[in-house]
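Ligands are counted one by one from 1 in listed order, and the atoms in each one are counted from 1 as well. Being a predicted model, the structure only gives us computed values, none of them experimental.
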Amino acid sequence: MAGTPDIKAYLQDKLKTRFMGRELKYLEITASTQDVARELAEQGAAEGTAVIAGEQRSGRGRMGRLWLSPAGGLATSIILRPTLDSVYLLPAISSLAVYRTLGKLGIKAGIKWPNDVLIDGKKTCGILIEHSLTAGELRYSIVGIGINVNFDTGNYPEIADIATSLSAQLGRELSVAEVALSLYTELEAIYINIGEPARIIDEWSRNMVTIGRKVSADFHGSRITGTAEGVNRQGNLVVRLSEGSTREIVAGDVTIRNRHGGA
Ligand code: BTN
């Protein structure tokens with residue numbers, strides 16, 4: 001069954017990447033792969049080193065939220081060392097890698113700014129990116145990706161209405177190892193082009209479901225509502241307010257409001 005330690009042997013056999021996922025640590029159960037990856041990064045692990053857990057007991061989400069991470073999902077954290085001036089591209093790069101991975105499985109997904117991946121408006125992947133900085137230098141980034149692969153969201157009332165899984169979409173269980181293989185392959189293919197930001201931002205924004213929608217977002221401590229017009233070259237979300245001016249959202253969460261105006 002998917003998610004067994006065989007995942008490591010499978011990936012070592014099949015991965016053709018130069019560095020992404022080439023060093024791999026598999027843990028049946030851990031608190032958070034982010035913490036394990038951070039320890040490895042502190043010990044000087046190579047770029048592309050990945051940690052996979054069969055199950056996380058304290059999976060972390062963005063904005064201090066919890067990430068449900070039972071067996072059957074893909075929970076992985078990857079160590080990257082981009083330059084400080086290109087680190088802003090990591091949300092685009094990582095969500096695009098997931099988007100492409102789902103596309104290869106025949107699933108039409110959409111990216112919700114900045115880096116959620118949705119299927120039919122429901123979340124199927126979350127990404128948490130953490131950084132270590134010293135004296136104005138980026139030491140490393142940890143890109144944490146959680147994909148609901150084989151997962152019955154109906155068993156979790158708190159997310160049943162807002163989340164979905166690949167198995168629910170396809171009506172069959174998938175191999176977590178195959179999903180990871182495709183993910184690391186796509187991640188490397190996009191990441192090695194980090195020196196071409198326009199290409200990355202263009203593909204990212206073309207596949208973003210947020211654009212053209214009415215959204216609410218936090219802007220310097222207050223809540224604004226407007227229409228998401230696009231993303232700029234820095235990857236910020238450009239929101240046009242009803243009185244005509246625009247605001248650029250740099251970070252945080254946006255809520256896509258439904259067609260009737262509710263959240
Ligand atoms: C979010 O949408 O809030 C982000 C969720 C990120 C979850 C992944 S699972 C692998 C890695 N380990 C964690 O504890 N979190 C990330």
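Every residue was checked against the salt bridge (Lys or Arg N to Asp or Glu O under 4.0 Å) condition with Asp120, not counting sequence neighbours, and none meets it. Scored by the side-chain hydrogen bond (donor to acceptor under 3.5 Å, both in side chains) test, Ser69 finds Gln56 as partners (sequence neighbours excluded). Checked against side-chain hydrogen bond (donor to acceptor under 3.5 Å, both in side chains), Asp85 has the following partners two or more places apart in sequence or in another chain: Thr83.
Using a 4.5 Å cut-off between side-chain heavy atoms of Ile, Leu, Val, Met, Phe, Trp and Tyr, with links allowed through other members, Ile107 and Leu74 fall into the same hydrophobic cluster.
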Pairwise, report which nitrogen or oxygen atoms of ligand 1 are under 3.5 angstrom from protein nitrogen or oxygen atoms, and how far apart they are.
unit_1, atom_1, unit_2, atom_2, d
ligand 1, 2 (O), Lys123, NZ, 2.5
ligand 1, 3 (O), Arg62, N, 2.6
ligand 1, 12 (N), Thr33, OG1, 3.0
ligand 1, 12 (N), Gln56, OE1, 2.8
ligand 1, 14 (O), Ser32, OG, 2.7
ligand 1, 14 (O), Gln56, OE1, 3.3
ligand 1, 14 (O), Arg60, N, 2.6
ligand 1, 15 (N), Arg60, O, 2.7

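Thr17 and Thr185 are not linked by any side-chain donor-acceptor pair at a separation below 3.5 angstrom, with hydrogens and angles left out of the test.
For the pair Ile159 and Phe151, the minimum side-chain heavy-atom distance is below 4.5 Å.
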